[in-house]
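Below is one structure; the comments refer to it alone.
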Amino acid sequence: MPEGHTLHRLAHALTATFGGRVVQVGSPQGRFADARLVDGQVLEGAEAWGKQLFIEFPDDRFIHVHLGLIGRFDVHTGVDEVPEPVGQVRLRVSTSSTAAPQAYADLRGATACDLWTRELRDAVIARSGPDPIRPDADPMLAWAKIKRSKAPIGGLLMDQGVLAGVGNVYRAELLFRHRMHPLRPGNTLRIGQWRAMWADLVELMAQGVVTGRIDTVRTEHTPEAMGRPPRVDDHGGEVYVYRRTGQGCHVCGSRIRTAVLQDRNLFWCPQCQRRFRSRTVG
DNA sequence: CCTCTATGGCGAA
DNA sequence: TCGCCCTAGAGGC
């Protein structure tokens, strides 16, 4: 679930569903005791920065949520009745009226769910790199770090202080689309390459916010265009390399490779992404 | 029943 | 680099 597009999508859904309304806030599981401090208040809106989600309440209070690897936050609208929680619900936000239609949102498995002040929120945002989904993002802030780092670009793209919101799928797919080897050092990139990668991220991630999935294949490489079966997977998106180890590359047919970099699975095509080569495809 | 996996990130060693 | 945290679902025995 959770790369930046998921959090922005959630922010939109929470704002649309609960924004400006008095809400009930609770922690059925009990591990978010501070829920009571904003219970019965007006939910002013929700906003995402990278993978961080902030739900704003009066008096500069924010519920800070980070889904981590396995967290999910499901928004249910238009229900007649808010049901009993199922499983480990850390946070539940629900409409406070008793009349239908009602709505509720359940958070499970999150790495973080805390009540924060505006200062804490601002500090985390200040430490984060630019977020390609935010219209005010400045790609040169990321470039300044990339161009002077010897670290592999595959790691830099996942560093939330360099760039906010990119996770393992967008990382792998972006590198493929730009024919770039994941281990290429940041300081060997040229600015034109970075500008092209950023523009691509802006487009891909904006699409992810709309669709709720990560699709990265170009028209000529869709299942329909290639006459291949669609991807069957729990996240569903059409991709070039992510979790396609051993399968044929959609462009050149080579077997997709995998390796572990900084504890995360890395996927690339050994032919399309030869080391120290990089040219944008198409 | 157990083990493994997952689009993440932290802190200790 | 490793262990650990969060949760649910899939698969093996």
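Per chain, numbering begins at 1; letters A, B, ... match sequence-line order. Values in this document were obtained by computation on a predicted structure and should not be read as measured data.
- Between R72(A) and dT7(B), a side-chain N or O to OP1/OP2 separation shorter than 4.0 Å is absent.
- Straight-line distance from the CD1 atom of I70(A) to the C1' atom of dT7(C): 4 Å, rounded to whole Å.
- Place Q52(A) and N265(A) on DNA chain B by their nearest nucleotides, and N265(A) ends up nearer the 5' end.
- Separating the CZ atom of R171(A) from the P atom of dT7(B) is a distance of 9 Å, rounded to the nearest angstrom.
- Evaluated for a salt bridge (charged side-chain N to carboxylate O under 4.0 Å, His left out) with E238(A), the options R228(A), R231(A), R244(A) yield exactly one hit, R228(A).
- Atom CZ in F267(A) sits roughly 7 Å away from atom P in dT7(B) (whole-Å rounding).
- Considering only side-chain N and O atoms, Y242(A) lies under 4.0 angstrom from the phosphate OP1 or OP2 of dT7(B).
- Taking only side-chain atoms of R108(A), from C-beta outward, the nucleotide of dA6(B), dG9(B), dA8(C) with the closest atom is dA8(C).
- dT5(B) sits 15 Å from dC13(C) when the P atoms are compared, rounded to a whole Å.
- For dC5(C), neither phosphate oxygen OP1 nor OP2 lies less than 4.0 angstrom from any side-chain nitrogen or oxygen of R31(A).
- Cation-pi geometry between R90(A) and F32(A) is not met at under 6.0 angstrom from the ring centre and within 45 degrees of the axis.
- Residue D263(A) places its side chain closer to dC2(C) than to any other of dC2(C), dT7(C), dT7(B).
- Rounded to whole Å, atom C1' of dG9(B) lies 13 Å from atom CZ of R127(A).
- Look at CG on L163(A): it is 18 Å from P on dT7(B), rounded to the nearest Å.
- By the side chain to side chain contact (heavy atoms under 4.5 Å, CB included) test, R257(A) is found to be paired with W268(A), P270(A), residues two or more places apart in sequence or in another chain being considered.
- The separation of dC6(C) from dC1(B), taken at their C1' atoms, amounts to 22 Å, rounded to a whole angstrom.
- L261(A) places its CG atom 15 Å from the C1' atom of dG9(B), with the value rounded to the nearest Å.
- Between Y240(A) and F176(A), the ring planes are parallel. Angles under 30° get that label, and only those over 60° would be called perpendicular.
- Set against dT7(B), dG9(B), dT7(C), the side chain of H66(A) has dG9(B) as its closest nucleotide.
- OP1 and OP2 of dG9(B) both lie 4.0 Å or more from every side-chain N or O belonging to Q262(A).
- Comparing dT7(B), dC6(C), dC2(C) by their closest approach to the side chain of E3(A) singles out dT7(B).
- Ranking dT7(C), dA6(B), dC6(C) by closeness to the R243(A) side chain, first place goes to dA6(B).
- Taking 4.0 angstrom as the limit, K51(A) places a side-chain polar atom (N or O) nearer than this to OP1 or OP2 of dG9(B).
- Nucleotides dG9(C) and dG9(B) are separated by 23 Å at their P atoms, to the nearest Å.
- Taking the C1' atom of each, dT7(B) and dT1(C) are spaced 23 Å apart, rounded to whole Å.
- The distance from atom CD1 of I214(A) to atom P of dA6(B) is 15 Å, rounded to the nearest whole Å.
- Between W116(A) and H64(A), the two ring planes are parallel [angle under 30°; tilted spans 30° to 60°].
- Here D215(A) pairs with R213(A) under the side chain to side chain donor-acceptor pair (under 3.5 Å) rule; sequence neighbours left out.
- When heavy atoms are screened at a 4.0 angstrom cut-off, G167(A) is found touching the sugar-phosphate backbone but no base atom.
- We find that CG of L69(A) is positioned 15 Å from P of dG9(C), with the value rounded to whole Å.
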